[in-house]
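Working notes for the structure below.
Note that the structure is predicted; figures quoted are calculated from it, not measured.
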Amino acid sequence: NAFEKGEYEIINFSNNSNEKTVSLTVQTETGKSFPTAKKNITLVLHNLNDKIKKVTVDGKDIVSISKDKTIEIPLVSKKGITNTIVIQLK
């Protein structure tokens, strides 16, 4: 199968939140035979009850789309690079 041949990609997500901040990390893991390229990902988070003050990806301010307690965050994922997303709430 593809996994045994190293033809796979796994995207891992982790989260750490408190009353004022939501922090997420996104990291890719690829098999030895998987051809990788940078990927444009839109991360969609639901049920954010607080208003969003600021969003950063890897320390850089970004433009996000928020509507009806949902936010869309664009990011570029590259092999071996961990993306860190920080959402500051009001």
Side-chain angles (χ1 to χ4, degrees):
N1 73 26
F3 187 80
E4 291 171 349
K5 294 177 185 175
E7 298 171 349
Y8 66 89
E9 181 174 38
I10 299 171
I11 302 175
N12 296 301
F13 297 88
S14 62
N15 169 38
N16 187 2
S17 301
N18 61 40
E19 297 83 27
K20 299 270 184 186
T21 306
V22 176
S23 297
L24 302 148
T25 57
V26 179
Q27 185 174 20
T28 61
E29 174 186 338
T30 57
K32 293 178 183 177
S33 300
F34 187 81
T36 60
K38 69 179 184 177
K39 292 180 178 37
N40 294 316
I41 297 173
T42 301
L43 186 62
V44 179
L45 303 173
H46 299 272
N47 297 321
L48 287 174
N49 296 328
D50 297 310
K51 293 192 178 196
I52 296 158
K53 181 178 177 181
K54 181 179 178 181
V55 178
T56 59
V57 174
D58 300 327
K60 298 176 185 171
D61 292 348
I62 59 128
V63 176
S64 60
I65 301 168
S66 61
K67 178 180 166 186
D68 298 327
K69 297 182 183 180
T70 301
I71 183 171
E72 294 182 10
I73 302 168
L75 63 103
V76 177
S77 176
K78 298 178 185 174
K79 179 181 180 178
I81 302 295
T82 299
N83 296 103
T84 303
I85 300 105
V86 177
I87 304 165
Q88 294 180 358
L89 307 173
K90 292 182 181 181

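The CG atom of L43 sits 6.0 Å away from atom CG of L24, with the distance rounded to the nearest 0.5 Å. The CD1 atom of I11 lies 11.0 Å from the CD atom of E29; values are rounded to the nearest 0.5 Å. Put simply, OH on Y8 and OG1 on T30 are 7.0 Å apart, with the number rounded to the nearest 0.5 Å. Once rounded to the nearest 0.5 Å, the distance linking NZ of K69 with NZ of K51 reads 11.5 Å. Taking OG of S64 as the start and CD1 of I52 as the end, the distance is 5.5 Å to the nearest 0.5 Å.
In the model, N12 has no side-chain atom that pairs as donor or acceptor with a side-chain atom of S14 under 3.5 Å.
Not a single donor-acceptor pair under 3.5 Å links the side chain of D68 to the backbone N or O of T70.
Under the 4.5 Å side-chain heavy-atom criterion for Ile, Leu, Val, Met, Phe, Trp and Tyr, I62 and V26 are members of the same hydrophobic cluster. Hydrophobic clustering (side-chain heavy atoms under 4.5 Å, transitive across Ile, Leu, Val, Met, Phe, Trp, Tyr) groups F13 together with V57.
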Distance-only check: which donor-acceptor pairs under 3.5 Å involve side-chain atoms of residues 73-90, not counting sequence neighbours?
unit_1 : atom_1 : unit_2 : atom_2 : d
T82    : OG1    : Q27    : NE2    : 3.4
N83    : ND2    : D58    : OD2    : 2.9
N83    : ND2    : V76    : O      : 3.2

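Considering all non-hydrogen atoms of both residues, E4 and N1 come closest at N-OD1, 2.8 Å. Nearest approach of S33 to E7, heavy atoms of both residues: CB-CG, 3.8 Å.
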